[in-house]
Amino acid sequence: MSMTLRNLIYTAPFLQEMIEATANLYRLGWDERNGGNISYLLNEYEVLPYMDVDKVIRRTVPMNFDASELAGRYFAVTGSGKYFKNVKEDPASNLGVIRIAADGKSYEILWGLEDGGVATSELPTHLMNHMKRLAADKNHRVIMHCHATNLIAMTFTHSLKEEDFTKTLWEMCTECIVVFPDGVGVIPWIIPGTNEIGEATAEKMENVRLVVWPHHGIFGAGATMDETFGLIETAEKAAQVYTIVCAQGGKKQTITDQQLQDLADAFKVVPRPGILNL
Ligand code: 2HA
Ligand code: ZN
C-alpha cells in the first residue's frame with residue numbers, strides 16, 4: 001500500500017473518535033494499564049475510502065462463540081493487552097479495524113493491531129452486546145468498557161440489587177433519570193474475558209444501556225461515541241457524588257420519588273418500573 005493511503009486512515013473520523021475516547025478515559029483515570037476496551041460498529045462506506053476491504057485482510061483470528069448475526073460487519077476495536085495511555089502515540093499498534101467472517105466464527109484484521117495484536121479480550125461481551133443492542137435500537141453502534149473508579153467503589157459499599165443501585169444513582173444528580181431512565185443492570189461477579197460474562201451482560205443489555213460488573217467496572221452502549229461516553233460519565237459522576245455524600249456523613253435530604261417522577265414527565269422519559277415508590 002502506498003504511504004499516502006497508509007496515512008490517510010489517520011484522518012478517518014471513526015479513528016479520531018477512538019483516539020479521543022481512549023485518551024479521555026485514560027485522562028479521567030478510568031483505564032489504568034490495559035484496562036478498558038471499546039468497539040465501534042462501522043458502516044462499510046465509512047471504511048471504504050481508507051482501504052480495499054477485499055485485499056487488505058492481514059490475519060484471521062478464531063472466536064469460540066457464534067457471531068454469525070454480525071457476519072460481514074466492520075468494527076473499530078481497541079487491542080487486547082494494549083494501554084489506552086499509548087493509543088494517541090501509536091494508533092496502528094493499539095487499535096484495529098476488524099470484520100466478522102462470513103461464518104461468524106472468526107474475524108479478519110483489516111487494519112492496525114500491528115505487532116501481532118488481537119482485538120480486545122472482552123470481544124465476546126462486546127459482540128454479544130452489539131447483537132442485543134442492535135435488536136433494541138437500529139441506531140446502536142458503540143460498546144464501551146472502563147474501570148470507572150467511584151462506580152467500582154460503590155459495588156463494595158452499596159446494595160448490588162439493581163433497583164437499589166439505580167435509585168441511588170438517580171438521586172445523586174438531577175440529570176441521571178433523564179440520561180438513563182432504564183437504570184443500570186448489575187451482574188454477579190464473573191471471570192472477565194469469558195463467554196459467560198458476555199452472556200450475562202448481554203442478557204441485561206436487552207433492557208438497559210449500562211451494566212455494572214461488581215468490583216471491576218462498567219459497560220455502556222450507545223448510538224454514538226459521545227453519547228456512550230456521556231452515559232458512563234453521568235453514572236460515574238453520580239457515583240462520585242455518592243462517595244462524597246457518604247464521606248460527609250450521609251444524606252440529610254434527597255430528590256424525592258415524586259420529584260424524580262416529575263422530572264421524568266418533564267423530559268418525556270419513562271422510568272424503569274419498580275424503582276420509584278409512588
Ligand atoms: O482489557 O478491562 O475487562 C482489560 C479489561 C478487561
Ligand atoms: Zn475491565
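Note that ligands are numbered from 1 as they come in the structure, with each ligand's atoms numbered from 1 the same way.
The protein heavy atom nearest to atom 3 (O) of ligand 1 is E122 OE2, 2.5 Å. The nearest protein atom to atom 5 (C) of ligand 1, hydrogens excluded, is given as N37 ND2, 3.6 Å; this is a heavy-atom distance. Among all non-hydrogen protein atoms, the one lying nearest atom 4 (C) of ligand 1 is N34 O, 3.1 Å.
Taking every non-hydrogen atom of H145 and a distance limit under 4.0 Å, the qualifying atoms of ligand 1 come out as 2 (O), 3 (O). For ligand 1, the atoms closer than 4.0 angstrom to any heavy atom of H147 are 2 (O), 5 (C).
Checked against the Zn ion (ligand 2), the N, O or S atom of H147 at the shortest distance is NE2.
At a cut-off of 3.5 Å, with distance as the only test, no side-chain donor of N24 or E20 sits close to an acceptor on the other residue. Between the side chains of T78 and N37, no donor N or O sits under 3.5 Å from an acceptor N or O.
Tested against H126, the residues F65, F219, Y107 include a single ring-ring contact (aromatic ring centres under 6.0 Å, His included) partner, F219.
Aromatic ring pairs are classed by plane angle as parallel below 30°, tilted from 30° to 60° and perpendicular above 60°; the pair F14 and Y50 is perpendicular.
Note: the hydrophobic cluster containing I218 also contains F84 (ILVMFWY, side chain heavy atoms under 4.5 Å, direct or indirect links).
Polar contact with ligand 1: absent for T120 (N/O pair, distance under 3.5 Å). At under 3.5 Å, not a single nitrogen or oxygen of P192, backbone or side chain, sits near a nitrogen or oxygen of ligand 1.
Between W189 and H216, the ring center distance fails the sub-6.0 Å criterion.
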